[in-house]
K.L.:
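Questions regarding the structure given below will be posed in turn.
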Number of protein chains: 2
Amino acid sequence: MTDRPRRTVRAPRPRSLPAERPGPTGGKRDLNRRKRLAQFASAALELMQRHGVEAVTIEQICEGAGLAKGSFYRYFSGKPALVEALFERLAEQVDAAMARAETALAAADNTDALVMAYADLAMALAPVVVEEQAVVRLYLQERRGPRTEARAVIRDFGDRLLARGEALTLAARAHGLLRDLPPAVTTRAVIGAIEAVAWSHLEGDLPGDPGALGEALISLVLEGVLHAPGVPAP
Amino acid sequence: MTDRPRRTVRAPRPRSLPAERPGPTGGKRDLNRRKRLAQFASAALELMQRHGVEAVTIEQICEGAGLAKGSFYRYFSGKPALVEALFERLAEQVDAAMARAETALAAADNTDALVMAYADLAMALAPVVVEEQAVVRLYLQERRGPRTEARAVIRDFGDRLLARGEALTLAARAHGLLRDLPPAVTTRAVIGAIEAVAWSHLEGDLPGDPGALGEALISLVLEGVLHAPGVPAP
DNA sequence: ACTTGTTGCGACCACTCGGTCACCTTACAT
DNA sequence: ATGTAAGGTGACCGAGTGGTCGCAACAAGT
């Protein structure tokens, strides 16, 4: 209640993020904005891989990015929004690739077309996974964590992946490509195997060429661990 | 600086946990101790499944157990010690079963003995996994989380499991049971498939009889997803 | 040049958490 | 019965934490 000099009595400040960012694309504002976003994103990605999505604090991220806490809230409403931004590209690309594979698989009228659709999917996914390695690693790390606000994006991504995968399995089975086993089990087993190998590789526990790893994995998934029946052990 | 009544000047309190617990086994002390431990353990297990090992606070656990924070530190030096206690039984049993399987596999001199060793392992593991379901679920949930102090026990357990699994794979391959693929990849793919199916089942996403699930999984792992070569699609 | 809204900042607030401590009660040994 | 050490408690402390605010610097349209 002291009459210390109050600030100018302008309009009430809209403390939320501006809905639309100003300035010409490529202008000083726009450039700066991209740079800040990248700073926050890369700091967050590094810290979250080391300490986990939930354990990392906003303050740590700001320190890592070399920016103030107030600035963080200019760009993100909180950690969940930040995580969403981190997964944006990966989620987009993977969703699109899976959707394409699904329609291709549904339209396939012979085994060759079927196998082709799978091959196309793999070729579409590979570069994205390589480019977004760190995000993929974060996904694998957090996939099974409890559904907190910040992790919801990650779990949703995983759930969509699973659902799309199951649709693929169903289509392939409808065409008689796969053995007659519960699609839910088949899908989860295959994805689980892929993710486990990918995880070990990204952790550094499984050195070697990713291509060779992939080939071994595919062979394993398609034909199993045993020698084909009728082929005696050497 | 005030001369408020100071406490009696007895011997300095040994603030650590007493090395050896007193009282006759089955006495009031002993019984009470077991009860408190169980209270803390069950509260922690429930909370950790819902919020994650790291996110759960000591205060929450105490509230869940209906005991004071001070009491918690009478029994555990901190969260890591609590997690260690939670995993004690499971780790013991699994380690023992894996070790037995390893010696049995090394001693096997024909395929039947080999398969028998695997079957024994499965039969030994099944009841433990059922009894310690909640702990198994916690393991699957936290397995890939960053190696914090509290999670170190869990990651160590997983690493031991993987190492034992790889030894089994090597033994089986040495006997010519398995195809000639990198053992590290095979092991990780198999364990990954098993864990993914188990996880979905424990999450409630994969309803059905665990026995049937297991059979489908085994068939999948052994023979792959494809129809056997030479068997044309129907 | 001038106005206007965005951006960067860091002090600040209310709150939470891990861990400790002095004190009281309880079980056991003698 | 009595002494002793273990067990139970909750107030308390210090170190953060998420989130906000007033302000100054600044870019962009006019």
Side-chain angles (χ1 to χ4, degrees), chain A residues 4-37 39-40 47 51 54-63 65-82 148-150, chain B residues 2 4-37 39-40 44 47 51 54-63 65-82 148-150:
Chain A
R4 62 194 165 110
R6 295 309 284 147
R7 69 195 178 91
T8 48
V9 199
R10 297 266 178 70
R13 296 285 304 289
R15 288 304 306 178
S16 58
L17 328 163
E20 201 160 324
R21 299 304 179 135
T25 329
K28 226 170 188 175
R29 276 256 156 88
D30 186 59
L31 237 61
N32 215 266
R33 203 178 100 255
R34 287 169 197 278
K35 190 177 168 188
R36 301 289 170 242
L37 284 172
Q39 279 175 283
F40 280 126
L47 286 163
H51 307 295
E54 289 300 327
V56 169
T57 70
I58 308 284
E59 284 190 337
Q60 285 176 311
I61 295 170
C62 293
E63 196 194 324
L67 296 166
K69 194 155 48 160
S71 300
F72 177 87
Y73 287 98
R74 295 271 182 214
Y75 290 96
F76 305 99
S77 60
K79 226 195 297 183
L82 171 60
T148 57
E149 258 186 281
Chain B
T2 70
R4 63 194 163 111
R6 295 310 284 149
R7 70 193 176 93
T8 48
V9 198
R10 297 265 177 69
R13 294 287 303 289
R15 288 304 307 176
S16 58
L17 328 163
E20 201 159 323
R21 299 303 178 137
T25 328
K28 227 171 188 175
R29 275 258 158 85
D30 185 59
L31 238 61
N32 214 266
R33 203 178 101 254
R34 288 169 197 277
K35 190 178 168 189
R36 301 288 171 241
L37 285 171
Q39 279 174 283
F40 280 126
L47 286 163
H51 306 295
E54 289 300 327
V56 169
T57 68
I58 308 284
E59 283 190 338
Q60 284 176 310
I61 295 170
C62 293
E63 196 193 325
L67 296 167
K69 194 154 49 158
S71 299
F72 177 87
Y73 288 97
R74 295 267 183 219
Y75 290 96
F76 304 100
S77 59
K79 225 195 297 182
L82 170 59
T148 58
E149 258 186 282

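Naming convention: chains lettered A, B, ... in sequence-line order (proteins, then strands); numbering from 1 in each chain.
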K.L.:
What's the CZ-P distance between A/Phe72 and C/dT6, to the nearest Å?
P.N.:
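Distance, rounded to whole Å: 20 Å.
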K.L.:
Are any non-hydrogen side-chain atoms of A/Arg34 and A/Asp30 less than 4.5 angstrom apart?
P.N.:
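Yes, side chains in contact.
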K.L.:
When the distance from CZ of A/Arg29 to P of D/dA25 is rounded to whole Å, what number comes out?
P.N.:
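It works out to 15 Å between those atoms.
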K.L.:
Show your reasoning for whether side chain to side chain contact (heavy atoms under 4.5 Å, CB included) applies to A/Phe76 and A/Ile58.
P.N.:
CA-CA 11 Å; A/Phe76 305 99; A/Ile58 308 284; over 6 Å; no
K.L.:
When the ring planes of A/Phe40 and A/Tyr75 are compared, do they come out parallel, tilted or perpendicular, using 30° and 60° as the limits?
P.N.:
tilted
K.L.:
Distance check, rounded to the nearest 0.5 Å: A/Leu67 atom CG versus A/Arg36 atom CZ?
P.N.:
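Interatomic distance, A/Leu67 CG to A/Arg36 CZ, rounded to 0.5 Å: 5.5 Å.
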K.L.:
If you round to the nearest 0.5 Å, how far is CD of A/Gln60 from NE2 of A/His51?
P.N.:
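Here the interatomic distance stands at 5.5 Å.
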K.L.:
Nearest whole Å is fine: how far is C/dT7 P from A/Arg36 CZ?
P.N.:
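Spelled out: CZ on A/Arg36 to P on C/dT7 is 11 Å.
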K.L.:
Return the value, rounded to whole Å, for the distance between atom CZ of A/Arg34 and atom C1' of C/dT7.
P.N.:
17 Å
K.L.:
Using a 4.5 Å cut-off on heavy atoms from C-beta on, say whether the side chain of A/Glu54 contacts that of A/Lys79.
P.N.:
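Result yes, sub-4.5 Å side-chain heavy-atom pair found.
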K.L.:
Take atom CZ of A/Arg74 and atom P of C/dG8, then tell me their distance rounded to the nearest Å.
P.N.:
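Distance check: A/Arg74 CZ to C/dG8 P gives 8 Å.
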K.L.:
Quickly work out the A/Asn32 CG to D/dA25 P distance and round it to whole Å.
P.N.:
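For the pair A/Asn32 CG and D/dA25 P, the rounded distance is 17 Å.
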K.L.:
Starting at CG of A/Leu31 and ending at P of D/dC26, how long is that distance when rounded to a whole Å?
P.N.:
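Taking atom P of D/dC26 as the reference, CG of A/Leu31 is at 17 Å.
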K.L.:
Between protein and nucleotides 12-19 of chain C, map the contacts as a letter string: B base, S sugar-phosphate only, - none, heavy atoms under 4.0 Å, written 5' to 3'.
P.N.:
-----SBB
K.L.:
Does A/Ser71 put a side-chain nitrogen or oxygen below 4.0 Å from OP1 or OP2 of C/dC9?
P.N.:
yes
K.L.:
Separation of A/Glu149 atom CD from D/dG18 atom P, in whole Å?
P.N.:
13 Å
